[in-house]
Number of protein chains: 2
Amino acid sequence: MNPTPLEKVVPMGNSKEALLLRLHHTPLFSAWPNDTIAPLLAQSQPLTLESGDILFAEGSPARSFYFLAVGRIHLITAAATGQEKIVEIIQPDDLFAEAVAFLGGRYPVTAQADATTTVLEIPLDLFVATLEQRPFLMRQMLARLSMRLHFLVKELRHLSVESAEQRLASYLLELCPVVNSPAAVDLPAKKAAVAARLGLTPETLSRVLSRMRKAGLIEVEQRTISIPDPLALRRWADGH
Amino acid sequence: MNPTPLEKVVPMGNSKEALLLRLHHTPLFSAWPNDTIAPLLAQSQPLTLESGDILFAEGSPARSFYFLAVGRIHLITAAATGQEKIVEIIQPDDLFAEAVAFLGGRYPVTAQADATTTVLEIPLDLFVATLEQRPFLMRQMLARLSMRLHFLVKELRHLSVESAEQRLASYLLELCPVVNSPAAVDLPAKKAAVAARLGLTPETLSRVLSRMRKAGLIEVEQRTISIPDPLALRRWADGH
DNA sequence: CGAGCTTTTGAGTACCGTCAAGTTAAGTGG
DNA sequence: CCACTTAACTTGACGGTACTCAAAAGCTCG
């Protein structure tokens, strides 16, 4: 029933040992030998943020990247008018901002906490130095960046040629583990944030959800959405 | 007066020597020793495409990347509805699709020729193998991907929170060499393609150009656009 | 229970896309 | 070189989608 159960199962006094274990389970570090991660971890330090705090700002020099242990982070980019677009919503056990390392860096987005959050701050210089000694890890890192590139290209398509219905449907279906059987997904943040992530206003998101509900395609209960037939949702959305 | 003078100055029988020279001037290869590029070039071959031809399709397995010698290529991503979004317009002397190399890959976009075009097809496997033997080159490649990531994030913002006026203004200003003195920019393709690149319809692009013209901010002559005061254009656009 | 959220619902509007016609430019063949 | 055809671009009228503003209803938590 707790909307953020993770905060309960992870001990707040995140020991370095526990963190090392969790780091080791991320796609990026899973292939790293333990004795490579350990020195990195030794130079890293946990940070705690309150909801609304800025971890780093768009354009500021990048010296670290981050592992999200507890809470939630929004990656935001702002326009001249002050309007904001959420590029990505970061979840626990995700790494983020590691891609900036190679540009001699400035952060391309702003990172803002959406709840009480603790992150592990990992220094980039040591990370890059380690990487350079192991071509295999570098190759893996390239694959990771390449994946992100694909993700962004897909996002670009969603934003430019898809309707609100299609965008939301795609988003929900991406959260679905399997597409050909009933599923229930939890929105990763409050609806206003999800709306911003999709390039919509909260009002529009609400209305689209309501339309889907009335069409019998989903059921909404707070932030939990049940999808009896994902494929039907896909078909319906593509017709709008 | 010729709209595509490049086709005249580059000998159509692109000798390998000439191509090597031009490759060496690209940001990616400028740091590569000659004896590293040569074997790569030996395995590569020039291809000629007519306008409309597909070089590779979204989702198809990637075995090569490309150097654009002559002509123009559109990188396109299509939605279920058939609507198309131009992700990028590739110009002569640009490299493209090199980022897919590391995903074991499939192309994330479709590449279509927009004019009679010749490209150099470079095999990925040899490229990656070379890269893996030289950490420095890998590092550089990571920087390149990182830059592309920044570019796409910026695009995302443009599409989601900016108006047609702002998008076009940003686009024109990016084509400007300097921002604080008068400039004349050439659109890199026909207006319909530029519109698709900006996520607009040709009609809307035409109207926005017309509004800018009437506001005295630009002058339009075919595909050449003069901007007497780039900063004024910026300010005007931000007010819309 | 009431204060401060988030979310929903409603009414009005603006922007941009669609459809259609007209104009200009470019390319083709006699 | 000039008629003719085709494509590129512009302009107009109209409509729909999604945004804005405003208010009410629903949660959450002290």
Side-chain angles (χ1 to χ4, degrees), chain A residues 1-4 7 50-52 72 74 79 81-85 114-116 158-169 186-214 218-225 237 239-240, chain B residues 1-4 7 50-52 72 79 81-85 114-116 158-169 187-214 218-225 237 239-240:
Chain A
M1 291 305 114
N2 189 322
T4 53
E7 300 185 15
E50 294 307 315
S51 183
R72 200 161 38 232
H74 292 342
T81 62
Q83 278 225 66
E84 293 183 343
K85 155 81 177 139
D114 173 51
T116 301
H158 288 162
L159 275 174
S160 53
V161 302
E162 293 186 350
S163 67
E165 274 88 352
Q166 290 170 318
R167 294 218 285 276
L168 178 55
D186 275 342
L187 296 181
K190 62 192 67 161
K191 285 183 182 150
V194 173
R197 169 57 247 281
L198 295 173
L200 303 172
T201 57
E203 293 95 324
T204 300
L205 175 62
S206 176
R207 282 185 245 268
V208 174
L209 278 172
S210 161
R211 259 173 267 157
M212 287 180 175
R213 194 165 35 69
K214 280 168 188 159
I218 61 172
E219 275 164 41
V220 183
E221 191 173 338
Q222 272 108 243
R223 283 180 201 169
T224 304
I225 295 177
H240 293 74
Chain B
M1 288 303 117
N2 189 322
T4 52
E7 302 187 12
E50 293 309 314
S51 182
R72 200 160 40 234
T81 62
Q83 278 226 64
E84 293 184 344
K85 156 82 175 138
D114 173 51
T116 301
H158 287 162
L159 275 174
S160 53
V161 302
E162 293 186 349
S163 67
E165 273 88 352
Q166 289 170 320
R167 294 219 285 277
L168 178 56
L187 296 181
K190 61 192 68 163
K191 286 181 182 153
V194 173
R197 169 58 247 281
L198 295 172
L200 302 172
T201 57
E203 292 95 324
T204 300
L205 175 62
S206 176
R207 281 185 247 269
V208 175
L209 278 172
S210 162
R211 261 173 265 158
M212 287 180 174
R213 192 164 37 71
K214 280 168 189 160
I218 62 172
E219 275 165 41
V220 183
E221 191 173 340
Q222 274 108 245
R223 284 179 199 168
T224 304
I225 296 177
H240 294 74

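Below, chains carry the letters A, B, ... as their sequence lines are ordered, and counting in each starts from 1. All values reported here derive from a predicted model rather than from experimental measurement.
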For DNA chain C, note the earliest and the latest nucleotide, 5' to 3', having some atom under 4.0 Å of a heavy atom belonging to chain A.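 In short, chain A contacts DNA chain C from C:dT6 to C:dA11.
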Return yes if some donor-acceptor pair links the side-chain N/O of [X] with the main-chain N/O of [Y] below 3.5 Å, else return no.
X	Y	answer
B:S51	B:D114	yes
A:R72	A:P188	yes
A:K191	A:E203	no

It should be established whether [X] places a side-chain nitrogen or oxygen under 4.0 Å from OP1 or OP2 of nucleotide [N].
X	N	result
B:K191	D:dT10	yes
A:T204	D:dA18	no
A:T201	D:dC19	yes

Residues forming a salt bridge (charged side-chain N to carboxylate O under 4.0 Å, His left out) with A:E165, sequence neighbours excluded: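 Per chain and number, A:E165 pairs via salt bridge (charged side-chain N to carboxylate O under 4.0 Å, His left out) with A:R211.
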Within this structure, what is the CZ-to-P distance between A:R211 and D:dG16, rounded to whole angstrom?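 After rounding, the gap between these two atoms is 14 Å.
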So which nucleotide from D:dC9, D:dA13, D:dA18 ends up closest to the side chain of A:A164?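 So the nucleotide nearest the side chain must be D:dA18.
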At their closest point, which heavy atom of A:S160 faces which heavy atom of B:L159, and how far apart are they?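 Answer, listing the atom of A:S160 first, then B:L159: CB-CD1, 3.9 Å.
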With B:Q166 via side-chain contact (heavy atoms from CB on, under 4.5 Å) - residues at least two apart: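 side-chain contact (heavy atoms from CB on, under 4.5 Å) check on B:Q166 returns A:T81, B:E162, B:S163, B:A237, B:D238.
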Tell me what A:L205 touches on the nucleic acid: a base, only sugar-phosphate, or nothing, going by heavy atoms under 4.0 Å.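 Nothing: the residue A:L205, judged by heavy atoms under 4.0 Å, touches no strand.
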For B:R207 and for B:A193, locate the closest nucleotide of DNA chain D by heavy-atom distance; then report the residue assigned to the nucleotide nearer the 5' terminus.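 So the residue in question is B:A193.
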